[in-house]
Amino acid sequence: MASLILSPAEQDFIIRGVESGLRADGRGSLDRREVSLRTGMISQANGSARCRIGNLGVGTDVLVGVKAEVNTWAPGEPEDVGSVVCNVECSPSAAQEFEGRGAEEINVELTQLLDRIFNGPQSGIDLKKLCIIPKQAYWVLHIDALVLDVKGNIVDTLVWATRAALLSTSLPRVVVETIADEMGNMQAEFDVVDDPEDLTPLEGTERLPISVTFSQIGKRYVVDASEQEEAVAQARITVAVSPAMEICAIQKGGILRGFPPSLLSEILQTAQRIAREELTRFGTHYSQAERQLASQAEEPNTGSTFLVTF
Amino acid sequence: MAESGQQVACAMQTFERLHPTEFQRRFLAQNTRHDGREFMQFRPVQVVKGAISTAQGSATVRVGNTTVVCGIKAEVCEPDVKRPTEGYLATNVELSPMCSAQFRAGAPSEEAQVASEHVHRLAGQMFDLTSLCIESGRAVWSLAADIVCIKHDGGILDAAVVALVAALEDLRLPKAELDLGTGMVSADRTMATHVGVGKRLFPATFALVDDAYVVADADDSEERMATASLLVVHDDRGRLVNVWKRGGGMLSSETIARCVQRARERMTEIAQTL
Amino acid sequence: MASNVFDRRRINGPQRSVEPLYTAKAAEPFANGRLDGRALDQVRPIFIKTGPLDAQSPSASAPSGSAYYEQGKIRVSCAIYGPRQGRQSNARMGSFDCDFKYAPFSCSWRLSHIKSSDEKEIALMLEHAIGPAIRLEAYPKASIDAFVTVIESDGKAATIAAAINCISAALADAGIELYDSVAACSMSMYGTQWVSDCSQAEENASTCSLLVSRMPSVDEITYLLQHGKTTPEMTTQAIQACSNDCTRVYAVICRYLQATLE
Amino acid sequence: MGRPDKREPGQIRALHCALGQLNRADGSAQFSAGNTSALCGVYGPVDVKVYDEKLDRALVEVKFRPDIGVSATKDRWVESAVRSTFEREVLAHLHPRTLVQINIQLREGDGSVDATVINATTLALVDAGIPLKSMIAAASCVVLADDTTAVDPTQEEVDAARSTHTFAFSSSSSTRPQSGPVYVDSRGDFTMDEYNRCHDLCAMAAERVLAFMRTVVEGKVTKEALISTA
Amino acid sequence: MTGVKVVLPGDIIDTQQPDGDEQAVIRLGPGLVQASDEVTAVTAGILRSNSETSQWWVVGNKRRYVAAEGEPVVGVVAARHGEGYRVDIGSAHDALLPLLAFEGATKRNKPNLAVGTAVYARVVVANSVMDPEIECFNSHTGKSEGYGELAEGFMFKCSLGLARRLIDTKAPVLAALGKGLPFEVAVGVNGRVWVNAGTVQSTILVANAIRNSEYLDAKQCRQMVKELLEKQ
């Protein structure tokens with residue numbers, strides 16, 4: 001996804017810089033750019049968030065909406081679980097080459113990556129809890145992400161936004177009652193309580209993983225590569241880590257080079273360390289913001305969105 | 001000596017690359033073919049049945065270098081109201097860029113579509129769709145027979161038809177019952193039975209190369225310079241099922257009759273391998 | 001395959017068709033050992049053949065290299081075209097593109113003819129896994145295309161690994177300049193135990209799968225994919241074990257390639 | 001047993017043809033045999049996409065639209081049949097780097113569609129003044145359950161038939177008897193002598209079609225001639 | 001009328017003159033080709049021959065123009081290039097009209113034709129392998145000889161057969177119209193006719209008259225024109 005072309009001189013400058021632990025924007029090799037998160041942006045969605053990673057208000061920008069729908073069970077489908085459906089779209093506003101079918105490949109890649117991290121037990125979301133009545137009805141979580149701007153490191157931005165969106169997701173309450181029909185065999189029925197106040201937050205969100213993406217530049221690697229750095233990166237590796245410090249997914253990208261195993265094990269450890277810090281930062285900021293929101297909640301039409309920056 | 005032999009071989013290859021048509025003509029003028037066959041000689045056929053475990057029926061067929069794999073997937077569906085006892089058999093020929101550079105990735109080329117259509121028409125004449133009935137008007141088997149070309153070196157229709165016949169003979173459908181209550185079909189893999197083809201088909205293709213020479217079972221390089229092609233299909237009773245002549249090149253009625261005769265002999269060759 | 005999309009370029013079956021409910025239960029994997037009686041770290045027997053699709057006589061339509069690869073039930077066929085005229089005419093490096101297709105009958109479920117996003121992503125994976133091995137700078141302005149068709153699959157991760165091995169054999173057959181041939185292998189976790197090269201049934205029962213492809217003689221991991229959750233220790237352990245398997249697969253491929261040269 | 005429409009076994013249905021009905025096309029013909037009717041419009045020689053430009057000859061392209069339903073593989077099949085029949089009949093080398101496009105719309109299909117389509121195409125090409133080696137006329141016939149044969153069958157007869165046969169002949173073949181049919185499609189369940197019987201029947205029928213074509217074209221040409229030489 | 005022989009594609013032509021000698025070299029015109037040792041027609045039309053020059057050709061009607069050298073055509077400027085204009089003359093490929101192929105055109109003052117302008121030109125290069133080339137003057141005399149831009153007026157299409165008949169100076173319809181009202185006309189054998197009769201009404205009248213004359217003989221033409229003029 002290296003959109004911009006750099007002159008050999010620029011490339012050389014960046015590579016040497018990284019190898020001697022310096023980066024063009026003054027960061028250390030393991031520092032992130034400024035991250036800003038906003039949740040509850042889409043009133044129609046059950047949960048939504050917008051994440052921007054980048055300094056001075058310019059950076060990679062992703063908007064994620066989570067919409068829950070009730071599906072009726074069809075034969076052939078698993079009996080007692082709900083499902084998660086991911087979809088990522090790169091808007092042409094992000095980069096010129098995304099126009100027309102240009103974004104197809106990267107859409108597929110990101111969609112599959114998101115699915116790999118958030119669809120299944122590794123995400124911490126308990127799919128069994130999304131089942132309403134076995135063999136009858138279940139919840140489907142549609143996670144739709146829109147990439148609005150690309151300035152390097154789409155993957156982390158995407159994962160962070162999705163994580164926040166899921167944290168802010170709450171489902172309407174469902175009442176299930178079983179009644180016996182004339183034949184005397186029990187029939188389960190349900191109805192969805194249509195009350196914007198009466199919502200239950202999604203379960204298992206405290207186990208949601210976070211991702212750290214490394215880019216190999218020269219002999220070293222950096223976290224949260226900028227657009228220029230990605231243009232010279234030989235390979236990319238994304239590691240998703242859960243709060244319990246489990247590895248939830250690893251994916252390597254980049255057609256140019258591979259990783260020496262030594263570097264790899266180092267990366268895995270670094271990934272955990274960074275993830276631990278960031279998870280705590282993420283957590284604290286998020287809960288603070290939530291408290292603010294709660295306090296604001298009394299006054300009408302403050303628009304339920306809030307901003308976290310760190 | 002071997003050295004010079006290699007040089008000759010190399011020179012020949014260059015000549016063939018530069019003037020493929022002329023290259024072929026040299027052979028044909030000598031009453032032989034570039035692969036050493038006689039004009040009316042077919043390539044050997046190999047059939048391997050039931051190689052693929054993920055398909056209910058399958059067969060791999062090689063005609064010379066041309067290789068196709070036919071796999072049949074069985075699902076259940078409701079029959080057409082007009083034909084309550086008939087199942088479905090959809091035959092598709094896949095010509096991917098893997099088998100030859102003349103095909104592009106993506107939607108099927110015209111050649112692939114025509115091949116699919118022709119095989120489908122032949123299948124309709126040999127296979128009895130009522131043998132796919134589970135419960136009249138309620139449930140029937142729907143067979144998807146996909147013929148994937150692994151290597152394309154001419155005579156694709158012949159290979160495809162033989163592969164389809166072999167795969168259908170290999171096809172084993174599980175014992176299926178319709179639960180009238182739920183309308184669901186349950187099937188028991190352990191009690192699978194052969195459906196059997198109505199009648200076997202034995203195809204044979206002939207080509208008029210360079211408007212002058214009638215050759216049997218042309219390969220890719222010969223098909224490229226063919227001006228007419230003739231497909232003759234017999235059934236196992238030795239009766240004709242299909243005679244299909246295309247291309248502007250002229251084949252006299254006598255020639256066609258001769259080809260039909262030769263096709264009958266080919267029939268036994270294929271029958272042995274099946 | 002609940003509803004079949006009508007495709008006017010193909011012969012269509014009924015609008016809607018479903019698999020019947022199979023009453024007979026599939027055997028429980030790992031109930032006592034592995035279904036096929038393999039050792040836990042044992043890779044299925046491998047069969048390679050290079051050049052099955054190559055032309056006997058020089059013709060433009062034949063691929064420049066090809067390979068047929070079997071690993072247990074898995075059968076993969078691959079053709080390499082190129083180096084040939086690339087798309088962008090002023091590229092400093094050659095481009096390498098993969099096209100990956102499951103034959104409609106190659107999986108235990110029926111696949112539609114239209115390419116799924118799954119297949120598209122696998123194509124990307126293959127490019128990322130093989131790309132590092134090709135000396136693309138040796139082929140400016142050119143493009144190298146690999147077309148892979150899965151004739152039969154048995155375990156998704158294992159099939160991808162097989163595809164990778166098949167391509168690198170085909171590349172060697174095509175005489176493309178490589179740093180080293182890539183060998184790939186997959187593992188799945190069952191309980192707390194890593195199991196090499198899992199079949200579909202085994203994969204379904206597992207909670208986490210890992211795919212590693214590497215260039216042993218350069219000692220570089222060209223591709224790495226973990227799907228599912230484990231502890232970091234388990235991951236590192238698995239990567240190690242998988243790398244070893246890769247080396248074994250690599251040995252098989254190399255032995256074959258050497259044999260073809262003699 | 002007689003035929004539903006009281007025809008003799010060797011009798012073809014009433015032929016009708018109108019030339020140059022489409023005034024946008026370079027040449028067009030509507031050809032009908034009984035209810036079966038096809039409209040064919042020809043453009044050519046026109047400019048061709050660089051992608052499929054042939055340096056030594058014109059590209060012949062065929063588009064077929066069925067009377068009902070969306071176009072599907074069966075229509076591709078007809079297209080390739082028509083193209084393979086005319087590709088070498090058109091003197092394509094006279095107009096290199098161009099395109100001859102043949103568009104066929106089936107008006108109504110009531111048996112022996114392929115033959116009607118081929119006949120319509122011949123006349124449209126002649127009307128467009130595309131250089132042709134010769135005229136091509138097609139006819140089809142069926143072998144019924146009781147071994148009787150019927151030329152130019154209706155759909156009813158086709159459905160009841162044990163085998164159907166379609167032959168196309170070139171007008172020059174009358175002068176060169178040794179040359180056989182240009183196009184053959186025989187399908188069903190039949191023997192070689194049944195095939196030969198149908199071949200001869202269709203050959204005769206095609207002769208009649210050819211004669212009809214000649215009168216049609218002569219009519220058009222002389223009409224113009226009379227004026228120009230008045 | 002007698003002597004009119006209609007030929008169809010594939011018909012074999014007997015080129016033997018009743019009194020002609022064997023050695024006479026036969027020259028074949030449009031619509032005829034030599035296949036092996038016999039001459040066959042490839043297009044439908046009327047077989048014509050000239051026994052003195054022993055030329056043979058077929059006269060048929062067409063809608064699509066195929067450029068032939070020396071023929072006058074009416075074209076429409078489709079695009080402008082550095083070295084000349086691309087002109088649509090209704091044949092498979094656009095014709096090239098060099099900037100200097102105009103009367104009195106020099107490097108300095110070239111004619112400036114907008115896209116969409118109608119021009120009357122003569123085909124100078126026409127063969128199957130090259131795109132046709134046309135010019136708006138006689139390259140030998142350097143005089144325009146009536147060729148050039150067609151300002152004002154009205155252009156319409158007709159069959160090639162009609163166009164060829166109109167070229168004939170004693171074309172009945174033009175003659176009849178000439179008696180009735182003044183107008184200028186440029187006939188291209190590519191089936192395009194340009195007319196200008198000052199006022200719009202009369203221009204349209206002329207155009208219609210020519211269009212109607214497609215299937216009318218001389219007498220009918222005069223009648224038709226007379227009626228039109230009366231109506232006006």
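Residue numbering restarts at 1 for every chain, and letters A, B, ... go by the order of the sequence lines. Bear in mind the structure is a predicted one, so any value in this text is a computation, not a measurement.
Proximity to chain D is absent for every atom of B:Asn92, based on heavy atoms less than 4.5 angstrom apart. If you measure heavy-atom distances from D:Arg88 to chain B, the contacts under 4.5 Å come from the side chain alone. Within the 4.5 angstrom heavy-atom criterion, atoms from both the backbone and the side chain of B:Ala257 approach chain D. Heavy-atom distances place the side chain of D:Tyr195, and not its backbone, under 4.5 Å from chain B.
Counting non-hydrogen atoms of neighbouring residues, nucleotides and ligands closer than 6.0 angstrom, the CD atom of B:Glu110 exceeds 12 such neighbours. Heavy-atom contacts from other residues, nucleotides or ligands closer than 6.0 Å to CD of B:Glu22 number more than 12. Enclosure of atom CZ in B:Arg104 is not indicated, since only 12 or fewer non-hydrogen atoms of other residues, nucleotides or ligands lie within 6.0 angstrom. No more than 12 heavy atoms of other residues, nucleotides or ligands shown are found within 6.0 angstrom of CD on D:Glu156. Within a 6.0 Å radius of CG in B:Leu18, other residues, nucleotides and ligands contribute more than 12 heavy atoms.
Aromatic ring pairs are classed by plane angle as parallel below 30°, tilted from 30° to 60° and perpendicular above 60°; the pair D:Phe31 and D:Phe212 is perpendicular.
Per-residue counts of heavy-atom pairs under 4.5 Å with chain D were compared for B:Gln125, B:Arg237, B:Lys199; the largest is that of B:Gln125. Counting heavy-atom pairs under 4.5 Å between each of D:Ala168, D:Ser163, D:Ala81, D:Ser84 and chain B puts D:Ser84 at the top. Per-residue counts of heavy-atom pairs under 4.5 Å with chain D were compared for B:Leu240, B:Val241, B:Val114, B:Asp235; the largest is that of B:Leu240. Taking chain D as the reference chain and counting heavy-atom pairs below 4.5 Å, the highest number among B:Asn242, B:Leu122, B:Thr255 is found for B:Asn242. In terms of non-hydrogen atom pairs under 4.5 Å with chain B, the most contact-rich of D:Glu89, D:Met192, D:Glu87, D:Lys133 is D:Met192. The candidate with the highest count of non-hydrogen atom pairs below 4.5 Å against chain B, out of D:Thr191, D:Val184, D:Asp185, is D:Val184. Of all the listed residues (B:Thr227, B:Ile256, B:Val260), the one sharing the greatest number of non-hydrogen pairs under 4.5 Å with chain D is B:Thr227. For the options B:Gln113, B:Glu111, B:Glu117, heavy-atom pairs under 4.5 Å to chain D are most numerous at B:Glu117.
Residues B:Phe206 and B:Phe39 place their aromatic rings such that the two centres sit no closer than 6.0 Å. Checked against the 6.0 Å centroid threshold, B:Phe127 and B:His120 do not count as a close aromatic pair.
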